[in-house]
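Scroll down for the structure; my scribbles are underneath it.
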Protein chains: 2
Amino acid sequence: MNAQTTMKPYVIGLDLGGTNSVFGIVDARGEIKATTAIKTGGYEKVEDYVKASVDALQVIIDQVGGIDTIKAMGIGAPNGNYYNGTIEFAPNLPWATNGIVPLAQLFSDALGVPVALTNDANAAALGEMIYGVARGMKNFIVITLGTGVGSGIVVNGQLLYGHDGFAGELGHVTMVRENGRSCGCGRTGCLEAYCSATGVARTAREMLAKTDRPSLLREMNPEDITSLDVSIAASKGDEMAKEIYEFTGKMLGEACADFTAFSSPEAYIFFGGMVKAGDLIMEPIKRAYNEHVMNIFKGKAQFLVSGLDGASAAVLGASAIGWEIQ
Amino acid sequence: MNAQTTMKPYVIGLDLGGTNSVFGIVDARGEIKATTAIKTGGYEKVEDYVKASVDALQVIIDQVGGIDTIKAMGIGAPNGNYYNGTIEFAPNLPWATNGIVPLAQLFSDALGVPVALTNDANAAALGEMIYGVARGMKNFIVITLGTGVGSGIVVNGQLLYGHDGFAGELGHVTMVRENGRSCGCGRTGCLEAYCSATGVARTAREMLAKTDRPSLLREMNPEDITSLDVSIAASKGDEMAKEIYEFTGKMLGEACADFTAFSSPEAYIFFGGMVKAGDLIMEPIKRAYNEHVMNIFKGKAQFLVSGLDGASAAVLGASAIGWEIQ
């Protein structure tokens, strides 16, 4: 630990989601010393969003001893570009829908500390590598199952950013090449359209509409069904709900078999709300993977769930990028 | 250039194919000073293969001034594992069909120089990076279109070997998930089953059998058709032959769109016999890629053909691994 790190024991982590922006001040052991949050969407201009963020941050910065204790800030954000510190064309962020927003620079100017930014799934991967189940691993893939499907890919101990900073969009490999579901990215048949939380709800509605089979899910308004409802129904033994997770896990396992042909990781780490379904989703993933992966890879990769505490995982992941700043 | 390199100006490259083993002695500029070759398959035991190789090599080693001028040897081989220097379960090599052959060690013991080994497509990628069109690139993918479909993936300026040394098997991502063609790897629907030279010939036979449409290809015995015949027929304006390349290129382009979601390379470099078909294959690849890739990646990646002279490219690629030995 060098002098600077000793003098500045904290990093700010920002988990920038479509709904909430959660800030945490984190020490080198991954302990969150203070947190605060604002709504992400209530601002038309990014400058107003940054101002509201800094106002909220000031309170917790003061709690830990002032800005001089802060080494850096790390941001995990949708469509975040690590190379430029920008958020680019993020459909769910009103102040970044139609352009390129230099968010790292804006926060750095406002706070006077270095700021790094990457997409939320890359942040999750760094978090796992520094604080979580991927400690000591050099080749692994984190797959985030939330509103969308994201990924953070680590090869040779480094995050894979690619030529332009946007590598690791595994939610958008094409899994269904004909008559695939439409996806938020404007294309069809993407993994995300089937295996995100919203994809699971969509599968439920499709199955309910296609057959007359009984299911606990029929007690709900189809439009209100969430992946959590499907998970609860499955845990009560509902056959259709179990099939929905079987279908979802099978597609994820087949996708992972292809990913292994690419980078042959030692582990897949699943992260996000849907992972709470546990074996319901993990068992079909593993089964389909082992059925579909090439023989030379069979039985090699581990399938793990995130080792980070759910509520703080994203903030820890974001803070991890701050520690990486040289 | 350090003292050792100055004193030892050459590296041996071995392009180990299913039929021929071609050896070249290469200098640091990529000039091939001497070559020789033996048949790969005429030996039951690997020791006999290595002995025959060394006997042939001795002649050209003497031509360049003896073994003291040789810094190292690099081998590009099917199913080659860089980490272990082994060839593992290679179906086309009679002396490596059912086991793990420590080929790098055997050559090193016989010649008294360090030997590194990797799969043929990784060798091609290193060759392009050191001598070819990928000079200066840090993120690119070489796709070899030959009897099979192979790949060498470079990220952050390093070959991607993965956890076990077998990363980069892009010929075996699944492109057709239902009723796919059987593949040499024992699975179905792989890219290689459609887009290798043998895959193209298979597409030709399928199209001929399915319809009565006229085609120059009908003048041949269907079992004798090769991808070269299809290419010649297409160059004479044969509509069905053009469609066969259109079908092949479309699938390759769609596959590349998925690969970009993984590692976002700045270029795809195509290598191997089928590339001689030129625009016939490259145009549909580019068209399908740009139709299918995510918006954030559109127009970014280059599509190139190998810049290395066909006959010597594989030997140069293999020699490149030799230079990498520290």
Side-chain angles (χ1 to χ4, degrees), chain A residues 79 81 88-89 137-141 151 153-178 183 185-192 250-251 254-255 257-267 291-297 300-302, chain B residues 79 81 88-89 137-141 151 153-178 183 185-192 250-251 254-255 257-267 291-297 300-302:
Chain A
N79 295 42
N81 186 308
E88 308 193 9
F89 304 98
M137 291 187 190
K138 297 242 177 243
N139 291 278
F140 65 94
I141 297 178
S151 64
I153 304 167
V154 171
V155 296
N156 298 337
Q158 303 164 340
L159 262 179
L160 203 172
Y161 289 116
H163 179 53
D164 58 356
F166 287 119
E169 284 287 354
L170 298 185
H172 299 281
V173 296
T174 303
M175 294 303 292
V176 179
R177 297 202 177 271
E178 273 166 47
C183 180
C185 72
R187 295 145 69 240
T188 60
C190 294
L191 182 63
E192 172 169 301
K250 181 170 180 290
M251 191 179 284
E254 292 186 21
D258 280 350
F259 303 158
T260 289
F262 202 103
S263 75
S264 190
E266 67 184 291
E291 259 168 44
H292 286 86
V293 78
M294 282 182 85
N295 282 329
I296 48 168
F297 299 119
K300 289 182 179 174
Q302 299 179 66
Chain B
N79 295 42
N81 187 307
E88 308 193 8
F89 304 97
M137 291 187 190
K138 298 242 177 242
N139 292 279
F140 65 94
I141 297 178
S151 64
I153 304 167
V154 171
V155 297
N156 298 336
Q158 302 164 341
L159 261 179
L160 203 171
Y161 289 116
H163 179 53
D164 58 356
F166 286 119
E169 285 287 355
L170 297 185
H172 299 281
V173 296
T174 302
M175 293 303 292
V176 179
R177 297 201 178 269
E178 273 166 47
C183 180
C185 73
R187 293 145 70 241
T188 59
C190 295
L191 182 64
E192 172 168 301
K250 180 169 180 290
M251 190 178 285
E254 291 185 22
D258 280 350
F259 304 158
T260 289
F262 201 103
S263 74
S264 190
E266 66 185 290
E291 259 168 44
H292 285 86
V293 78
M294 282 182 85
N295 282 329
I296 49 168
F297 299 119
K300 288 182 179 174
Q302 300 178 66

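Both backbone and side-chain heavy atoms feed into the values below; hydrogens, waters and symmetry mates do not. A note on names: the letters A, B, ... follow the listed sequences, proteins ahead of strands, and every chain is numbered from 1.
- Ring geometry for B/Phe166 versus A/Phe297: interplanar angle over 60°, hence perpendicular rather than tilted (30 to 60°).
- Under the 3.5 Å distance criterion, the side-chain polar atoms of A/Asp164 are left unmatched by any main-chain donor or acceptor of B/Ser264.
- Atom CD1 of A/Ile141 sits about 4.0 Å away from atom CZ of B/Phe262, to the nearest 0.5 Å.
- In terms of non-hydrogen atom pairs under 4.5 Å with chain A, the most contact-rich of B/Val155, B/Ile153, B/Thr260 is B/Ile153.
- For the atom pair A/His292 NE2 and B/Arg187 CZ, the distance stands at 8.0 Å (nearest 0.5 Å).
- Annotation: salt bridge (charged side-chain N to carboxylate O under 4.0 Å, His left out) contacts of A/Glu254 (sequence neighbours excluded): A/Lys250, B/Arg177.
- Of the atoms belonging to B/Ile296, heavy atoms from both backbone and side chain fall under 4.5 Å from chain A.
- Heavy atoms of A/Phe140 lying under 4.5 Å from chain B are absent altogether.
- If you tally non-hydrogen atom pairs under 4.5 Å between each of B/Glu266, B/Met175, B/Lys300, B/Met137 and chain A, the highest count goes to B/Glu266.
- Using a 4.5 Å cut-off between heavy atoms, A/Val293 touches chain B through its backbone atoms (N, CA, C, O) alone.
- In this structure, the portion of A/Leu159 lying under 4.5 Å from any heavy atom of chain B is its backbone and not its side chain.
- Across A/Val173 and B/Ala261, no two heavy atoms sit closer than the pair CG1-CB, 4.3 Å.
- Of the inter-residue distances, the one linking A/Cys183 atom SG with B/Met294 atom CE reads 7.5 Å to the nearest 0.5 angstrom.
- Side-chain atoms of A/Asn156 never come within 3.5 Å of backbone atoms of B/Gln158 as a donor-acceptor pair (strictly under, hydrogens ignored).
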